[in-house]
There are 2 protein chains.
Amino acid sequence: MDGMRDIVAKNLRRLRHEKGWSQEELSFRAKVDRSYISQLETSAYSASVTMLGKLARALGVDAGDLLKR
Amino acid sequence: MDGMRDIVAKNLRRLRHEKGWSQEELSFRAKVDRSYISQLETSAYSASVTMLGKLARALGVDAGDLLKR
DNA sequence: TTGTGACTTGCAGTCCGTT
DNA sequence: GAACGGACTGCAAGTCACA
């Protein structure tokens, strides 16, 4: 029902795996809690654009890349 | 401090003006509160990606376009 | 290493009206 | 038409223990 949530979840996990990072590694770099990253990757929440910006910067991509289908 | 918020604010206002729509018109089409659109355009809040999706769809653009610098 | 349930806090988001 | 106000509800934000 909430497509955007799932798109972010998939892109987040895909980009993180491409880096070969664990959730722990990303949580450290982005300065957000590891379990919260897990919750985003399982579509539990609809992240804010501020959170999107933090994660994108840690991953070295544009925030918009996290929204691409 | 929160750059993403400002980027969304500017893109939202720019795209809305390109359509020649008032905040009222956009709020009706996107089914979100008019005063909230005002608050987003003045960088008062950091919208969720779900909200971003609703606004992008109403404006006929990709959600990522609202995050472009 | 990751997912989940539980919990608290703060802000997103709505609804009213006024400037 | 747009900004701004208070008051309210619900969910994102943030953290923890445990499976």
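Within every chain, numbering begins at 1; the chains are lettered A, B, ... in the order of the sequence lines, protein sequences first and strands thereafter.
- Taking OG1 of B:T42 as the start and CD1 of B:I37 as the end, the distance is 11.5 Å to the nearest 0.5 Å.
- One distance of note links NZ of B:K10 with OG of B:S43; it measures 7.5 Å at 0.5 Å rounding.
- Residues forming a side chain to side chain donor-acceptor pair (under 3.5 Å) with B:R34 (at least two apart in sequence, or on another chain): none.
- For the pair A:L52 and A:A47, the tightest heavy-atom approach, listed with the atom from each and the gap, is CD1-CB, 4.5 Å.
- Residues A:I7 and A:N11 meet the side-chain proximity criterion, which asks for heavy atoms closer than 4.5 Å.
- In this structure, B:R16 atom CZ and D:dA3 atom C1' are separated by 12 Å, rounded to whole Å.
- For the pair B:F28 CZ and D:dG1 C1', the computed distance is 18 Å after rounding to whole Å.
- Following rounding to the nearest Å, B:I37 (CD1) and C:dG13 (C1') show an atom-to-atom distance of 11 Å.
- DNA chain C is contacted by A:R34, A:S35 of residues 29-36 of chain A, taking any non-hydrogen atom closer than 4.0 Å.
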Evaluation steps, side-chain contact (heavy atoms from CB on, under 4.5 Å), between A:L40 and A:M51: CA-CA 10 Å; A:L40 287 183; A:M51 177 62 66; 4.1 Å; yes
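- B:R13 places its CZ atom 8 Å from the C1' atom of D:dA2, with the value rounded to the nearest Å.
- No side-chain donor-acceptor contact under 3.5 Å links B:S46 to the backbone of B:R5.
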List the atom pairs, with distances to 0.1 Å, where a side-chain N or O of residues 53-69 of chain B and a protein N or O form a donor-acceptor pair under 3.5 Å, not counting sequence neighbours.
from, atom 1, to, atom 2, distance (Å)
B:D65, OD1, B:K68, NZ, 2.9
B:D65, OD2, B:D62, N, 3.2

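- A:E41 meets the side chain to side chain donor-acceptor pair (under 3.5 Å) test with A:R13, A:R16, A:Q23; sequence neighbours excluded.
- Protein atom CD of B:Q23 is 16 Å distant from nucleotide atom P of C:dG13, rounded to whole Å.
- Contacts with DNA chain C (heavy atom under 4.0 Å) in residues 38-69 of chain A: A:S38, A:Q39, A:T42, listed by number.
- A:H17 NE2 to A:S22 OG: the interatomic distance, rounded to the nearest 0.5 Å, is 9.0 Å.
- Here the side chains of B:R29 and B:W21 are in contact, with some heavy-atom distance below 4.5 Å.
- Distance CD (B:E24) to P (C:dG17): 14 Å, rounded to an integer number of Å.
- Computed from coordinates, the A:L12 CG to C:dG3 P distance equals 11 Å when rounded to whole Å.
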Watson-Crick and G-U pairing of DNA chain D written in dot-bracket, each distance under 3.5 angstrom, with | for inter-strand partners: .|||.||||||||||||||
